Amino acid sequence: SQTIHQWPATLVQPVGSPLSLECTVEGTSNPNLYWYRQAAGRGLQLLFYSVGIGQISSEVPQNLSASRPQDRQFILSSKKLLLSDSGFYLCAWSAFAAGELFFGEGSRLTVL
Amino acid sequence: KQEVTQIPAALSVPEGENLVLNCSFTDSAIYNLQWFRQDPGKGLTSLLLIQSSQREQTSGRLNASLDKSSGRSTLYIAASQPGDSATYLCAVKGANNLFFGTGTRLTVIP
């Protein structure tokens, strides 16, 4: 069966520090991969999605970036965190564009 | 741009009641609609997926319906239990994005 792992689960970082959140999917090949952010009291916002290795689409301009170095690995990064980057980050995958979406357990980021 | 609305934002019911959660969307050109459950501080758990050509899906005590022409979906929960307490989110799939509602927070009182 397919599983999705996301880490770290919790992260507290100072403003201006770098960020790296990692997500891996097991049990499937060539998944569509997604990074979402959920801010307190707000809906989920799509940040990035990828349909293949090295193929990244950005939905929202910001100081975050994403990379897909391997088929089932998706990384969310920042060179310098802002206070506004605080939130709950969720990685997700689907087998194809119109397929069911499955989420990881999330990473809570607090920028101080 | 697609807009997804969920009403009510919060709902409290006594255990054993049947209940309906509502989801509406503005653009009927969707691929599918998915219902999720989110427990506090956790990720989203997929409950039901309805493809655009389908009218409803059932899983255990859950039944979801889809009316694309009117831009509405409902999630019916039968015989509610305290363990059903969570936030329920609906999401509609467009060409390149999944548009989420802000959810309905359900509390089932023992």
Side-chain angles (χ1 to χ4, degrees), chain A residues 1-11 21 23-25 31-52 55-60 74 76 86-110, chain B residues 1-7 9-10 21 23-54 57-59 62 64 66 68 73 86-105:
Chain A
S1 63
Q2 300 88 4
T3 56
I4 178 169
H5 301 284
Q6 191 178 336
W7 70 91
T10 305
L11 198 58
L21 301 178
C23 172
T24 59
V25 180
N32 287 359
L33 296 172
Y34 308 83
W35 276 111
Y36 283 88
R37 177 168 60 199
Q38 187 176 37
R42 301 177 64 179
L44 274 79
Q45 179 186 40
L46 178 65
L47 302 175
F48 302 95
Y49 69 92
S50 171
V51 299
Q55 301 177 58
I56 309 293
S57 295
S58 173
E59 291 295 308
V60 181
F74 206 24
L76 182 69
S86 293
F88 193 48
Y89 289 82
L90 291 153
C91 180
W93 75 275
S94 64
F96 51 94
E100 191 171 2
L101 198 64
F102 299 95
F103 281 84
E105 281 297 303
S107 298
R108 183 161 303 282
L109 171 66
T110 303
Chain B
K1 180 184 175 183
Q2 179 76 270
E3 292 185 6
V4 182
T5 304
Q6 291 187 249
I7 296 174
L21 306 180
C23 173
S24 61
F25 47 95
T26 55
D27 186 351
S28 61
I30 64 171
Y31 288 100
N32 61 48
L33 184 145
Q34 198 167 349
W35 282 94
F36 296 89
R37 166 189 174 133
Q38 186 176 29
D39 293 291
K42 300 292 186 180
L44 278 67
T45 300
S46 178
L47 298 174
L48 290 164
L49 173 71
I50 311 177
Q51 297 294 349
S52 61
S53 59
Q54 298 175 318
Q57 282 286 340
T58 298
S59 176
L62 305 180
L66 174 63
K68 261 192 9 173
S73 176
T87 296
Y88 290 80
L89 297 135
C90 71
V92 296
K93 182 70 171 67
N96 290 315
N97 200 348
L98 193 66
F99 296 91
F100 282 85
T102 52
T104 294
R105 186 168 65 243

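Excluded from the calculations below are hydrogen atoms, water molecules and symmetry mates; all remaining heavy atoms, backbone and side chain alike, are included. Just so it is clear: chains get the letters A, B, ... in the order the sequence lines come, proteins before strands, and each one is counted from 1. As the structure is a computational prediction, the values presented were derived from the model and not from experiment.
Taking OG of Ser94(A) as the start and CD of Glu100(A) as the end, the distance is 10.0 Å to the nearest 0.5 Å.
Using a 4.5 Å cut-off between heavy atoms, Gln6(A) makes no contact with chain B at all. For a residue to count as touching a neighbouring chain, one of its non-hydrogen atoms must lie under 4.5 Å from one of that chain's; by this rule Phe99(B) does not touch chain A.
For the residue pair Glu3(B) / Thr26(B), no side-chain donor-acceptor distance below 3.5 Å is found, with atom types taken as modelled. One side chain, Ser73(B) or Trp35(B), offers a donor N or O that lies under 3.5 Å from an acceptor on the other.
Checked options Tyr36(A), Phe74(A), Tyr34(A); the residue passing with Phe48(A) is Phe74(A) (criterion: side-chain contact (heavy atoms from CB on, under 4.5 Å)).
Across Leu49(B), Thr102(B), Leu89(B), the residue that shares the most heavy-atom pairs under 4.5 angstrom with chain A is Leu49(B).
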